[in-house]
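Keep in mind the model is a prediction, meaning the values are calculated, not measured. In each ligand, atom 1 is the first atom listed, and ligand 1 is the first ligand listed.
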Amino acid sequence: MMDNEVDVFYRELPKVELHAHLNGSVSCPTIEKLISRKPHLNIGHGMTAIGKGQRRTLDECFQVFKVIHQLVDTEEDILMVATDVIKEFAADGVKYLELRSTPREEKHTGLTKKSYIETVIKAIKQCKSEGVDIDVRFLVAIDRRNGTEVAMETVKLAEDFMLSSDGLVLGLDLSGDPTVGHGKDLLPALQKAKNCGLKLSLHLSEVPSQLEESDLLLDLPPDRIGHGTFLHPAMGGSQGIVDKVVKHNIPLELCLTSNVKGQTVARYSDHHFKHWYQMGHPSVICTDDKGVFSTDLSQEYQLAASTFDLSREAVWKLSHDAIDCIFAPDTVKQQLKQKWIYLKPQVFHYRETDSL
Ligand SMILES: CNc1ncnc2c1ncn2[C@@H]1O[C@H](COP(=O)(O)O)[C@@H](O)[C@H]1O
Ligand SMILES: [Zn+2]
């Protein structure tokens, strides 16, 4: 879908983005700038994004991240990427964003995990001081491929930053190639994170055959679930698992294009959004990797609406109800709800006379 095919209603709709991986969210213009900084890498555009109508296996998607990581390996790169991504989300009508990213160490450039996080925080503060109209928070990501020790180290870092970042670092994300490693090895680190007050958003059952792991991790319980594609019995999951998710009222972050392009869901109309939404369970539309999957949040809302026949009022409620799923405190939720009330007449183009 081209940009101009997205109806203005979805662009103007105020939105909350809760599932966005920094390096998966890098746009074409930013990739262009990175490529010109590092021409010796010989990286072409086709290697960093999956275009309209294209599909990749999830495995191939993870190869794409490796290419992007080669392009983003200094503090300067991270600062540019993070500021660009934040401004792009703001331009798309996102009013509150939780960015997530895996701190990396790059010996050849002097980048450390600590300076990685500091740089993302610097970008958030810079955008704020420039008056960009978006509230941005950060979730530190654990890459499941890196095992127990790195997970523990990441929790420690996240805890330090939670205490020193004026509420910018709110929690942890568990992501990475779902076919590698097992959640049981990460459980102690996640438990520790929870105990110290970090919020948890975990990628669960993004591929089939992870039910046992999901069952285990749901006992933490996490504060939100990424994807959860195969949790529902209609998708090969189990009623027992659904009961746990419902009992703890754990919101799902749902990323339609990511799942279709990554081929874990065959068609938009097969997306598990419909099962959870029908149940009235908290379901939040998100992008996952807007750069890699060539999408944005307005497009994802429009896709959800056209695929599942949602009225504009239903779409408004969907974006409004996402506010209750954010990790920032209640005061922030109240501010956002006020903003939604203020913006509604503009978005629906009510005029004074309409109410007469
Ligand atoms: C497509 N579905 C997905 N499933 C699982 N993990 C994903 C993902 N998409 C992205 N990531 C995770 O985010 C990293 C890139 O951003 P950052 O370098 O952290 O900013 C990937 O390396 C992977 O660990
Ligand atoms: Zn994700």
Side-chain angles (χ1 to χ4, degrees), residues 17-27 30-31 34 48-50 55-74 77-82 84-86 89 97-106 111 113 116-117 119-121 123-124 138-147 150-151 154 157-158 172-181 183 186 200-207 210 213-214 222 224-230 252-265 284-295 297 300:
E17 169 65 83
L18 300 182
H19 189 134
H21 300 272
L22 178 60
N23 285 299
S25 301
V26 188
S27 67
T30 308
I31 290 282
L34 290 164
T48 61
I50 304 166
R55 305 267 190 279
R56 294 280 189 280
T57 62
L58 204 52
D59 206 40
E60 287 167 327
C61 295
F62 283 100
Q63 298 303 320
V64 176
F65 295 122
K66 276 196 193 143
V67 176
I68 298 172
H69 285 159
Q70 278 185 279
L71 284 169
V72 185
D73 65 353
T74 67
D77 298 333
I78 295 162
L79 187 66
M80 176 177 81
V81 162
D84 284 3
V85 164
I86 291 169
F89 274 115
L97 163 67
E98 284 175 18
L99 259 187
R100 55 185 79 191
S101 193
T102 326
R104 264 179 298 134
E105 209 166 67
E106 298 285 357
L111 185 71
K113 290 179 182 173
Y116 188 107
I117 301 175
T119 309
V120 176
I121 292 175
I124 296 174
F138 187 46
L139 308 180
V140 183
I142 294 177
D143 185 331
R144 51 184 295 139
R145 289 166 285 197
N146 297 335
V150 174
T154 309
L157 265 175
L172 276 184
D173 154 68
L174 173 66
S175 55
D177 189 339
T179 62
V180 181
L186 307 168
L200 297 183
S201 169
L202 310 183
H203 283 62
L204 290 188
S205 287
E206 188 179 0
V207 294
Q210 283 187 299
E213 176 188 288
S214 295
R224 289 198 312 253
I225 294 169
H227 303 297
T229 313
F230 297 96
L252 267 77
E253 305 154 355
L254 301 171
C255 315
L256 278 72
T257 298
S258 164
N259 298 155
V260 169
K261 287 195 171 175
Q263 295 183 334
T264 52
V265 171
V284 184
I285 299 285
C286 304
T287 53
D288 209 11
D289 300 290
K290 74 174 180 62
V292 171
F293 297 118
S294 314
T295 188
L297 194 55
E300 295 301 302

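Closest to atom 1 (C) of ligand 1, if we only count protein heavy atoms, is Asp288 OD2, 3.5 Å. Looking at atom 19 (O) of ligand 1, its nearest protein heavy atom turns out to be Thr102 OG1, 2.6 Å.
Between the OG1 atom of Thr257 and the CG atom of Asp288 there is a distance of 10.0 Å, given to the nearest 0.5 Å. To the nearest 0.5 Å, atom CG of residue Leu58 and atom NZ of residue Lys261 are 14.5 Å apart. If you take CD on Glu106 and CG on Asp77, they are separated by 10.0 Å, rounding to the nearest 0.5 Å.
The shortest N/O to N/O separation between Gly176 and ligand 1 falls below 3.5 Å. Ligand 1 has a nitrogen or oxygen under 3.5 angstrom from a nitrogen or oxygen of Glu206.
For ligand 1, the atoms lying closer than 4.0 Å to a non-hydrogen atom of His21 are 7 (C), 8 (C), 9 (N), 10 (C), 11 (N), 12 (C), 13 (O), 16 (O). Listed by number with element, the atoms of ligand 1 under 4.0 angstrom from any heavy atom of Arg145 are 22 (O), 23 (C), 24 (O). Residue Ser101 approaches ligand 1 through these ligand atoms, each under 4.0 Å from one of its heavy atoms: 17 (P), 19 (O), 20 (O). Ligand-side atoms of ligand 1 in range of Phe65: 9 (N), 10 (C), 15 (C), 21 (C), 22 (O), range being under 4.0 angstrom from any heavy atom. Applying the 4.0 Å criterion to heavy atoms of Asp289 picks out, from ligand 1, the atoms 1 (C), 8 (C), 9 (N), 10 (C). Here is the list of ligand 1 atoms found below 4.0 Å of a heavy atom in Leu22: 20 (O).
At the Zn ion (ligand 2), the vertex angle linking NE2 of His21 with OD1 of Asp288 is 90° (nearest 10 degrees). With the Zn ion (ligand 2) as vertex, His203 NE2 and His19 NE2 subtend 100°, rounded to 10°.
Between the Arg224 side chain and the Leu18 main chain, a donor and an acceptor come within less than 3.5 Å of each other. The backbone N or O of Arg104 lies less than 3.5 Å from no partner atom in the side chain of Lys113, so there is not a single donor-acceptor pair.
Counting heavy atoms from C-beta on, the side chains of Ile50 and Cys61 come closer than 4.5 Å. In this structure, Leu111 and Ile78 have side chains that are in contact, with non-hydrogen atoms separated by less than 4.5 Å. With contacts defined as side-chain heavy-atom distances shorter than 4.5 Å, the pair His19/Arg100 qualifies.
Under the 4.0 angstrom criterion for non-hydrogen atoms, His69 is in contact with ligand 1.
Only the side chain of His203 comes within 4.0 Å of ligand 1, counting heavy atoms alone; its backbone N, CA, C and O stay farther away.
Under a 4.0 Å N-O distance rule, the pair Arg55/Glu60 does not qualify as a salt bridge.
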